[in-house]
Chemist: 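One structure follows; several queries about it will come next.
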Amino acid sequence: MYAPYLLRDLHTTIRYIQKEMDGLDTGKARIARKAYRDLLEDFYEEYHDMMSRGQYEKAKDDADYFLAMIPL
């Protein structure tokens, strides 16, 4: 399980990536989307017992959904 400071860092990282995904620079947005997908995939591989496949699939397209799941 993640320690509280790691959860906070994960949340901060996703927020930063999300800003880049929503930005006007398409190159940065593409890189940010890949970074988000990689982070989510790594999280799911490590903690698949805490996140259902359905939650993982929904989080792939919705960073806010993943952010809401982190405290849980």
Chemist: Classify the ring geometry of H48 against Y44: parallel below 30°, tilted from 30° to 60°, perpendicular beyond 60°.
Modeler: perpendicular
Chemist: To check you understand the geometry: which heavy-atom pair defines the closest contact between G23 and A29, and what is its length?
Modeler: O-CB, 4.4 Å
Chemist: Given I17, which of M21, K19, E20, R15 fulfils the side-chain contact (heavy atoms from CB on, under 4.5 Å) condition?
Modeler: M21
Chemist: Pairs under 3.5 angstrom only: tabulate donor-acceptor contacts from the side chains of residues 30-37 to other protein residues two or more places apart or in another chain.
Modeler:
unit_1	atom_1	unit_2	atom_2	d
K34	NZ	D38	OD1	3.3
K34	NZ	D38	OD2	2.9
Y36	OH	A59	O	2.6
R37	NE	K60	O	3.3
R37	NH2	D61	OD1	3.3

Chemist: For residues 43-53, which residue pairs qualify under salt bridge (charged side-chain N to carboxylate O under 4.0 Å, His left out), counting only residues two or more places apart or in two chains?
Modeler: R53-E57
Chemist: Run the side-chain donor-acceptor check on residues 5-14: report pairs under 3.5 Å with partners two or more places apart or on a different chain.
Modeler:
unit_1	atom_1	unit_2	atom_2	d
T12	OG1	R8	O	3.0
T13	OG1	D9	O	2.8

Chemist: Which pairs of donor and acceptor atoms, one on a side chain in residues 62-72, lie under 3.5 Å apart (sequence neighbours left out)?
Modeler:
unit_1	atom_1	unit_2	atom_2	d
D62	OD1	D64	N	3.1
D62	OD1	Y65	N	3.2
D64	OD1	Q18	NE2	2.9

